[in-house]
Engineer: 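Attaching a single structure in C-alpha cells format; questions to follow.
This one's a predicted model, so the numbers in the text were calculated from it and none came from an experiment. Throughout, protein chains are lettered first and strands after them, A, B, ... in sequence-line order, and every chain is numbered starting at 1. Heavy-atom basis, side chains included; hydrogens, waters and symmetry copies ignored.
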Amino acid sequence: MLNIIKKSIMSALEEMIAEGFFTDLTEAPEPLLSQPRTRGFGDLSTNICMKLGRSQRKNPGDIALVLSKKLSDCEVLEKSEVAAPGFVNLFIKKSCWAALLKEILNKGDEYGRLTLGEHKKVQVEFVSANPTGPLHIGHGRGAAVGDAISSILAWAGYDVTKEFYINDMGRQIEVLGRSVYLRACELQGKTIQMPEDSYHGEYIKDVAREFISEKGSAFMDMREAEAVDIFKEYASETLLRGIRKDLEAFHVEFDVWFSEKSLYEKDLVKKAMDELKKRGFIYEEEGAVWFKSTAFGDDKDRVLIKADGARTYFASDIAYHGDKLDRGFTQIINVWGADHHGYEARVRAFIEAMGREKDALKVVFIQLVALLREGEPVAMGKRSGEFVTLRQVMEEVGSDAARFFFLTRKSDAHLDFDLELAKKQTPENPVFYVQYCFARIQSIFEFAKEKGFTAPEKFEAPDLECLNLDEEIEIIKHLANFESVIEKSAVGLEPHRVTFYLMELAGLFHPYYNKNRVVTEDRGLTEARLLLLKGAGTVTAIGLKLLGISAPEKM
RNA sequence: GCGCCUGUAGCUCAGUCGGAUAGAGCAACUGCCUUCUAAGCAGUGGGCCGGGGGUUCGAAUCCCUCCAGGCGCACCA
C-alpha cells in the first residue's frame with residue numbers, strides 16, 4: 001500500500017514536470033512518507049513539497065496544492081489535504097485497512113520475514129568471554145543483544161552463523177591455572193600466598209575442590225609449572241562448561257564455538273601473517289614483527305610478534321578474522337564490550353589489508369553495565385572477587401525479564417541495572433505487559449471457542465471491513481509497520497526497535513480490549529475481531545521470539 | 001592531551017538520514033473487577049531535550065564551541 005501511494009505521488013510529480021511546473025527538475029524524487037502524531041493530519045503525510053520548495057525556489061504551499069489535486073484519483077486514498085507550510089496529509093480509504101489485515105493474516109507465522117538479506121552469509125560473534133570465570137551481567141547484555149541481532153538478521157533473510165570465540169590460551173589462562181593450583185594447595189593444608197594478579201573469586205576455590213575430588217592430590221608432588229599446566233586445562237574446561245550452561249539457561253545457542261588454540265593447531269596465525277607479508281603490510285623493527293595498520297587509518301602500527309618471540313593477542317585476532325573471511329562470510333559482525341573500541345580500527349585495517357571493503361566488518365559496542373544494589377554501585381571485575389553473575393541475575397529476575405531489560409536500551413547507551421529495582425519492578429515489568437498481550441489473546445480465543453466462535457480460516461477482505469473503529473484501524477496500521485521495523489532493526493543492528501514496537505502494540509491492544517468486547521452476539525463482528533486479535537497475537541509472538549523471550553499462553 | 005560513547009520528566013530510557021503540540025515505563029495522586037485474564041484500563045500532575053552560538057520556512061535531531069560523566073589510547077589479554 002505504501003508503494004501504491006509513493007508511486008501515485010511520483011507519477012503526479014512527473015506530470016507536473018511534464019507540464020513545466022518546475023524549472024529545473026527532470027526526475028521525481030522518492031517521497032518520504034511518515035505517520036503524523038495526530039490523527040487530524042491524516043494516516044500518512046509527506047514533506048516532499050517543502051523539500052522541493054527549497055531546491056526549486058517555489059512556494060511549498062503552491063506545489064502542495066497542485067500535488068494534492070492530482071492525487072485525488074489515487075484508488076487507496078479517501079482524500080488529501082494541504083497543511084502549512086507545505087505538508088500534504090493523506091487519508092486512506094477505510095476499506096483498505098481490511099485488505100491490509102488480510103494480507104498480514106495470509107502471511108501468518110511468516111509475516112515480517114524479508115528477502116532483504118538475499119541469503120548472504122553473515123557471522124555474528126558475541127559474548128566471547130574468557131573461560132576464566134562465570135559470565136557476569138555485562139556478558140548477559142552482550143548475549144541478549146547478539147542473539148537478538150542474529151535472529152532479526154535471519155528473519156530479514158540473511159544466512160546467519162552465531163559464534164563464540166574462546167580465548168583458551170595465553171596469559172589469562174596461565175594466571176587462572178596458577179590461581180586454582182594455589183587454592184588446591186591451600187585445601188591440602190599448605191600455606192600459600194596468592195600473587196597480586198591472581199583470580200580471587202570464590203569460584204576458584206570451588207574449581208580447586210572439584211579438581212581434588214576428581215583427580216586426587218597427586219599434583220602436590222609435581223613441580224609447580226607442570227601442575228599449573230594441568231590445572232589450567234582443567235579449570236578453563238570446567239569454567240567453559242559453566243559458561244555454556246549459563247548461556248543455555250539464558251536461551252542463547254551458538255552454532256560455532258571457536259577455539260583460539262585451534263588457530264595455532266591449524267597454523268592459521270602463520271597463514272594470516274604470510275598473507276599480510278605477501279601484500280606488503282608486514283615489517284620488522286626493533287626485533288618485533290609489525291602490521292602496517294596505519295596504511296588503513298589506524299593510529300599506530302601494531303605488533304604481531306614481540307621481540308621475545310611471543311605472538312600478541314592481536315596476532316590471534318587477525319588469524320581468526322582471516323579465517324572468518326576464508327569461510328565465506330560477506331558480513332562480519334562483532335558484538336564487543338565498549339572497552340574494546342580501541343580494537344576496531346586495527347581489525348578493520350586487517351580486513352581492508354586483505355582486500356575487503358571497509359564495511360565488511362561491523363562492530364556493535366555494548367556499553368558496560370553499571371550494576372547497582374539499592375542505588376549503590378556493586379564492584380565488578382573478576383580479580384576483585386566480588387561480582388554478580390548472570391546466573392544470579394537470572395535467578396533473581398528471570399531470563400525473560402533480564403533479556404527484555406537489556407533490549408529496551410540501544411546497545412551503545414549506558415545501562416544502570418539496579419538489582420533491587422529490577423526485583424521490585426518484576427510485577428510491573430514491561431516484559432509482562434507484552435507477554436500479557438499474547439496470553440490475553442489466547443485466553444479470549446479459549447472463551448470464544450466455548451461460545452462456538454473461532455477465527456475463520458477462510459475469509460475475504462470485505463468480511464473485515466466491520467473493523468472500523470479508530471482503535472482497530474490503529475492496530476492494523478501498527479501491524480502493517482512490522483516489516484519496516486524488522487528492516488530498520490536489521491540494517492541498523494538495533495534490536496531495541498523490536499522491543500519498543502512490541503510495547504507499542506501491547507499499548508494499543510490492552511485499551512482496545514478494555515473498551516470493546518470481542519465475543520458478542522454478532523457473528524460477523526466477532527469473527528472479524530478474532531481475526532484482528534490473531535494478527536496481533538501472531539506478530540507479538542514473532543517479535544518475542546526474535547528477542548529470545550517466551551510467549552506464554554497463560555499468565 | 002587525543003579518540004569513541006553518553007547527557008531528554010523525580011528515576012530508567014525511546015525518539016536523532018531536520019518536520020506539525022517532544023513520548024513510554026517506573027515513582028506520585030484519583031477512579032474502575034457479578035460481563036472474553038486488574039501482570040489490565042481511564043484520568044491528573046510532571047520538561048530552558050546539559051549550556052551558548054550558527055545553518056533555515058522549521059532543530060532534541062545538522063555544524064561550531066563549552067561543560068559534565070563513562071570508556072579507550074601497550075612489544076597486556
Engineer: Let's test your reading of the model: under 3.5 Å, does the base of B:A24 pair with the side chain of A:Thr408 as donor and acceptor?
Structural biologist: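 No such pair is found, so the answer is no.
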Engineer: Regarding B:C75, can its base be found pairing with the side chain of A:Glu286 as donor and acceptor, where the two atoms are less than 3.5 Å apart?
Structural biologist: yes
Engineer: Rounding to a whole Å, what distance do you find between A:Phe405:CZ and B:C13:P?
Structural biologist: 7 Å
Engineer: If I take atom CD in residue A:Glu344 and atom C1' in nucleotide B:C4, what distance separates them, rounded to the nearest angstrom?
Structural biologist: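 A:Glu344 atom CD is separated from B:C4 atom C1' by 9 Å.
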Engineer: By nearest atom, which of the nucleotides B:C36, B:G40, B:U6 is closest to the A:His414 side chain?
Structural biologist: B:U6
Engineer: Which part of the nucleic acid, if any, lies within contact of A:Glu553, taking any heavy atom under 4.0 Å across all strands shown: a base, the sugar-phosphate backbone alone, or nothing?
Structural biologist: base
Engineer: Taking O4'-C1'-N9-C4 for purines and O4'-C1'-N1-C2 for pyrimidines, is B:C33 syn (within 90° of 0) or anti?
Structural biologist: syn
Engineer: Taking atom C1' of B:G25 as reference, at what distance in whole Å does atom CZ of A:Phe404 sit?
Structural biologist: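 These atoms are roughly 10 Å apart.
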Engineer: Quiz question: going by heavy-atom distance under 3.5 Å, is there a donor-acceptor pair between the base of B:U6 and the side chain of A:Lys410?
Structural biologist: no
Engineer: Is it the case that the ring center of A:Phe281 lies less than 6.0 angstrom away from the ring center of A:Phe296?
Structural biologist: yes
Engineer: When the distance from CD of A:Glu494 to P of B:G15 is rounded to whole Å, what number comes out?
Structural biologist: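 Result: 7 Å.
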Engineer: State whether A:Glu81 and A:Lys79 are salt-bridged, where the test is any N-O pair (Lys NZ or Arg NE/NH1/NH2 against Asp/Glu carboxylate O) under 4.0 Å.
Structural biologist: yes
Engineer: Taking any strand in view, what nucleotide pairs with B:G18 in a Watson-Crick or G-U wobble way, both distances under 3.5 Å?
Structural biologist: none
Engineer: Please work out if A:Tyr513 contacts a base, only the sugar-phosphate, or nothing of the nucleic acid, heavy-atom cut-off 4.0 Å.
Structural biologist: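 If one applies the 4.0 Å heavy-atom cut-off, A:Tyr513 turns out to touch a base.
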Engineer: For the P atoms, the ones on B:A9 and on B:C48, what distance do you get once it is rounded to whole angstrom?
Structural biologist: 8 Å
Engineer: Could you give the CZ-to-P distance, from A:Phe406 to B:C13, as a whole number of Å?
Structural biologist: 13 Å
Engineer: Which nucleotide, if any, forms a Watson-Crick or G-U wobble pair with B:G7, using both distances under 3.5 Å?
Structural biologist: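 Per the H-bond distance test, B:C67.
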Engineer: A:Phe87 on top of B:A20's base, within under 5.5 Å and under 30°?
Structural biologist: yes
Engineer: Partner lookup for B:A38, please. Criteria are Watson-Crick or G-U wobble with both distances under 3.5 angstrom; report none if nothing qualifies.
Structural biologist: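 The answer is none; no pair meets the criterion.
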Engineer: A:Ile441 and side chain to side chain contact (heavy atoms under 4.5 Å, CB included): which single residue from A:Leu533, A:Val518, A:Leu532 fits?
Structural biologist: A:Leu533
Engineer: Which of these nucleotides, B:C36, B:A39, B:C5, is closest to any side-chain atom of A:Ile444?
Structural biologist: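 The closest nucleotide is B:C36.
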Engineer: Considering only atom P, compute the distance from B:C57 to B:G15 and round it to an integer number of Å.
Structural biologist: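 Those two atoms are separated by 29 Å.
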Engineer: Using Watson-Crick or G-U wobble geometry with both distances below 3.5 Å, tell me the partner of B:G72, or none.
Structural biologist: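 Looking at the geometry, B:G72 pairs with B:C2.
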Engineer: Below 4.0 angstrom from OP1 or OP2 of B:A39, is there any side-chain N or O of A:Arg440?
Structural biologist: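 Answer no for this pair, as no side-chain N or O of A:Arg440 is under 4.0 Å from OP1 or OP2.
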Engineer: How far does the C1' atom of B:C11 sit from the matching atom of B:G47, given to the nearest Å?
Structural biologist: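 Pairwise C1' distance, B:C11 against B:G47, rounds to 14 Å.
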Engineer: In the strands shown, is B:C62 matched to any nucleotide by a Watson-Crick or G-U wobble pair with both distances under 3.5 Å, and which?
Structural biologist: B:G54
Engineer: If you assign each of A:Leu32 and A:Ile441 to its closest nucleotide in RNA chain B, which residue comes earlier from the 5' end?
Structural biologist: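 The residue mapped nearer the 5' terminus is A:Leu32.
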Engineer: With centres under 5.5 Å and planes under 30°, do A:Phe41 and B:A20 count as stacked?
Structural biologist: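 Yes, A:Phe41 stacks on the base of B:A20, since the ring centres sit under 5.5 Å apart and the planes are within 30°.
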Engineer: Tell me, do A:Lys232 and A:Arg178 make a side-chain contact under 4.5 Å, heavy atoms counted?
Structural biologist: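 No - every pair of side-chain heavy atoms lies 4.5 Å or more apart.
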Engineer: Picking from B:G25, B:C36, B:C71, which would you name as closest to the side chain of A:His341?
Structural biologist: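 That would be B:C71.
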Engineer: Nearest-nucleotide wise, let me know which of A:Asp308 and A:Met50 is further upstream toward the 5' end of RNA chain B.
Structural biologist: A:Met50
Engineer: Would you say B:A22 has OP1 or OP2 under 4.0 Å from some side-chain N or O of A:Arg37?
Structural biologist: no
Engineer: Which value, in whole Å, describes the distance between the P atoms of nucleotides B:A38 and B:A24?
Structural biologist: 23 Å
Engineer: Side chains of A:Ile48 and A:Val88, heavy atoms from C-beta outward: is any pair under 4.5 Å?
Structural biologist: no
Engineer: Taking the minimum atom-to-atom distance to the side chain of A:His510, which one of B:G25, B:G40, B:U21 wins?
Structural biologist: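 Of the candidates, B:G40 comes closest.
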Engineer: Would you say the side chain of A:Asn47 and the base of B:A20 hold a donor-acceptor pair, judged only by whether the two atoms sit under 3.5 Å apart?
Structural biologist: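 It does not, because no donor-acceptor pair links the side chain of A:Asn47 to the base of B:A20 below 3.5 Å.
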Engineer: Is the distance from OP1 or OP2 of B:A74 to the nearest side-chain N or O of A:Lys300 less than 4.0 Å?
Structural biologist: yes
Engineer: Under 4.0 Å, counting only non-hydrogen atoms across every strand here, what does A:Thr499 touch: a base, just sugar-phosphate, or nothing?
Structural biologist: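 No contact.
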Engineer: What nucleotide among B:A14, B:U6, B:G40 has an atom nearest to a side-chain atom of A:Asn514?
Structural biologist: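 In terms of side-chain proximity for A:Asn514, the closest of B:A14, B:U6, B:G40 is B:G40.
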Engineer: Please check the phosphate of B:C75 (OP1 and OP2 only) for any side-chain N or O of A:Tyr313 closer than 4.0 Å.
Structural biologist: no
Engineer: Using a cut-off of 4.0 Å on non-hydrogen atoms, how would the nucleic acid contact of A:Ala448 be classed: base, sugar-phosphate, or nothing?
Structural biologist: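 Nothing, no heavy atom under 4.0 Å.
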Engineer: Are the side chains of A:Phe509 and A:Arg440 in contact, using a 4.5 Å heavy-atom criterion?
Structural biologist: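 The answer is yes, as the side chains (C-beta and beyond) meet within the 4.5 Å cut-off.
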Engineer: Hey, what do you get for CZ (A:Phe41) to OG (A:Ser34), rounding to the nearest 0.5 Å?
Structural biologist: 11.5 Å
Engineer: Are A:Arg302 and A:Phe350 side-chain neighbours, meaning at least one heavy-atom pair lies under 4.5 Å?
Structural biologist: no
Engineer: If you measure from the P atom in B:C66 to the same atom in B:C2, how many Å do you get, rounded?
Structural biologist: 9 Å
Engineer: When both hydrogen-bonding distances must be under 3.5 Å and the geometry is Watson-Crick or G-U wobble, what is B:A27 paired with, if anything?
Structural biologist: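 Across all strands, not a single nucleotide pairs with B:A27.
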Engineer: Could you give the distance separating B:G54 and B:G18 at their C1' atoms, to the nearest angstrom?
Structural biologist: 15 Å
Engineer: Using the P atom as the reference point in each nucleotide, state the distance between B:G10 and B:C71 in Å, no decimals.
Structural biologist: 26 Å
Engineer: May I ask you to say what A:Met503 touches in the nucleic acid, namely base, sugar-phosphate or nothing, with a heavy-atom cut-off under 4.0 Å?
Structural biologist: nothing
Engineer: Over 60° means perpendicular and under 30° means parallel, so classify the ring planes of A:Tyr320 and A:Tyr165, tilted if in between.
Structural biologist: parallel
Engineer: So, OP1 or OP2 of B:A42: does either fall under 4.0 Å of a side-chain N or O from A:Tyr512?
Structural biologist: no
Engineer: What does A:Ala345 touch in the nucleic acid at a heavy-atom separation under 4.0 angstrom: a base, only the sugar-phosphate, or nothing?
Structural biologist: nothing
Engineer: Starting at atom CZ of A:Arg54, determine the distance to atom P of B:G18, rounded to an integer number of angstrom.
Structural biologist: 10 Å
Engineer: Across all strands shown, which nucleotide pairs with B:G46 by Watson-Crick or G-U wobble geometry, both distances under 3.5 Å?
Structural biologist: none
Engineer: Would you kindly give the CZ-to-P distance between A:Phe291 and B:A74, to the nearest whole Å?
Structural biologist: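 In whole Å, B:A74 P and A:Phe291 CZ are 17 Å from each other.
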Engineer: Parallel, tilted or perpendicular: which fits the ring planes of A:Phe482 and A:Tyr501, with parallel below 30° and perpendicular above 60°?
Structural biologist: tilted
Engineer: Please report, rounded to the nearest Å, how far the P atom of B:A39 is from the CG atom of A:Leu502.
Structural biologist: 20 Å
Engineer: Is the phosphate of B:G15, meaning OP1 or OP2, less than 4.0 Å from a side-chain N or O of A:His496?
Structural biologist: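 Indeed, a polar side-chain atom of A:His496 lies that close.
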Engineer: Considering only atom P, compute the distance from B:G52 to B:C29 and round it to an integer number of Å.
Structural biologist: 35 Å
Engineer: Students often get this wrong, so: under 4.0 angstrom with heavy atoms, is A:Ala83 touching a base, only sugar-phosphate, or nothing?
Structural biologist: base
Engineer: Using only modelled atom types and a 3.5 angstrom limit, is any donor from either the side chain of A:Arg497 or the base of B:G15 paired with an acceptor on the other?
Structural biologist: no
